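For reference, the structure is listed below as structure tokens.
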Amino acid sequence: MTDTKDKKQETLDIVLMATYFFIPFYGLRIAAENYLFVDDLDLTYQMVIALVSSIPVTIYMTTLKSRTTKIKVIGLGILLCIVTMINVIVN
């Protein structure tokens with residue numbers, strides 16, 4: 001019984017960790033494309049954006065992993081609001 005619960009929690013952690021990476025990655029990529037007036041970014045820009053997007057994942061793994069799911073989702077909402085504000089400022 002607990003094995004299934006642990007697997008579900010581990011799957012949820014993996015999904016949240018991926019979401020903590022992809023929200024800033026795609027949001028910052030869209031902001032950079034709009035700021036630079038290009039259709040596609042060069043690989044170096046994408047690598048820098050990926051490096052910056054890995055910071056929330058590091059924060060998630062170090063501080064939020066032991067917290068409840070509610071706190072993790074609130075942190076995800078805050079991250080989404082920050083990326084949205086960056087896109088609004090750029091446009």
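Here the structure is a predicted model, which means the values were calculated and not measured. Numbering of residues begins at 1 and proceeds along the displayed sequence. Reckoned from all heavy atoms, side chains included, excluding hydrogens, waters and symmetry mates.
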Same cluster for L79 and L12 if Ile/Leu/Val/Met/Phe/Trp/Tyr side chains link at under 4.5 Å? yes
Hey, could you give me each pair passing ring pair (Phe, Tyr, Trp, His ring centres under 6.0 Å) that has a residue in residues 63-91? Not counting sequence neighbours. none
Under the side-chain hydrogen bond (donor to acceptor under 3.5 Å, both in side chains) definition, can you give me all pairs with a residue in residues 56-84, not counting sequence neighbours? D13-Y60, D13-K72
Distance col, row L28:CG vs L41:CG, nearest 0.5 angstrom, shows 10.5 Å
Sort and list the pairs that fulfil salt bridge (Lys or Arg N to Asp or Glu O under 4.0 Å) and have at least one residue in residues 16-43, not counting sequence neighbours. R29-E33
Please identify each residue that fulfils side-chain hydrogen bond (donor to acceptor under 3.5 Å, both in side chains) with N34, with sequence neighbours left out. N91
In the single-linkage hydrophobic clustering (I, L, V, M, F, W, Y; side-chain heavy atoms under 4.5 Å), do Y26 and L36 co-cluster? yes
For the atom pair CD1 (I23) and CG (L80), what is the distance rounded to the nearest 0.5 Å? 5.0 Å
Note, P24 side chain near V52 side chain (heavy atom, < 4.5 Å): no
Separation between CD1 (I59) and OG (S54), nearest 0.5 Å, reads 10.0 Å
I30 and I86: same hydrophobic cluster, using ILVMFWY side-chain contacts below 4.5 Å? no
Angle between ring planes, F25 versus F22, binned at 30° and 60°: parallel, tilted or perpendicular? perpendicular
Can you list every pair that meets ring pair (Phe, Tyr, Trp, His ring centres under 6.0 Å) and has a residue in residues 36-58, with sequence neighbours left out? none
Are I49 and V90 connected into the same hydrophobic cluster when the rule is that any two of I, L, V, M, F, W, Y join if their side-chain heavy atoms are below 4.5 Å apart? yes
Once you round to the nearest 0.5 Å, how far does CE of M47 lie from OG1 of T44? 8.5 Å
Rounded distance [0.5 Å steps], CD1 in I74 versus CD1 in I71: 4.5 Å
Just grab all the ring pair (Phe, Tyr, Trp, His ring centres under 6.0 Å) pairs involving residues 70-91, residues at least two apart or on different chains. none
L64 and L16, any side-chain heavy atoms less than 4.5 Å apart: no
ILVMFWY network linking Y20 to I82, side-chain heavy atoms under 4.5 angstrom: yes
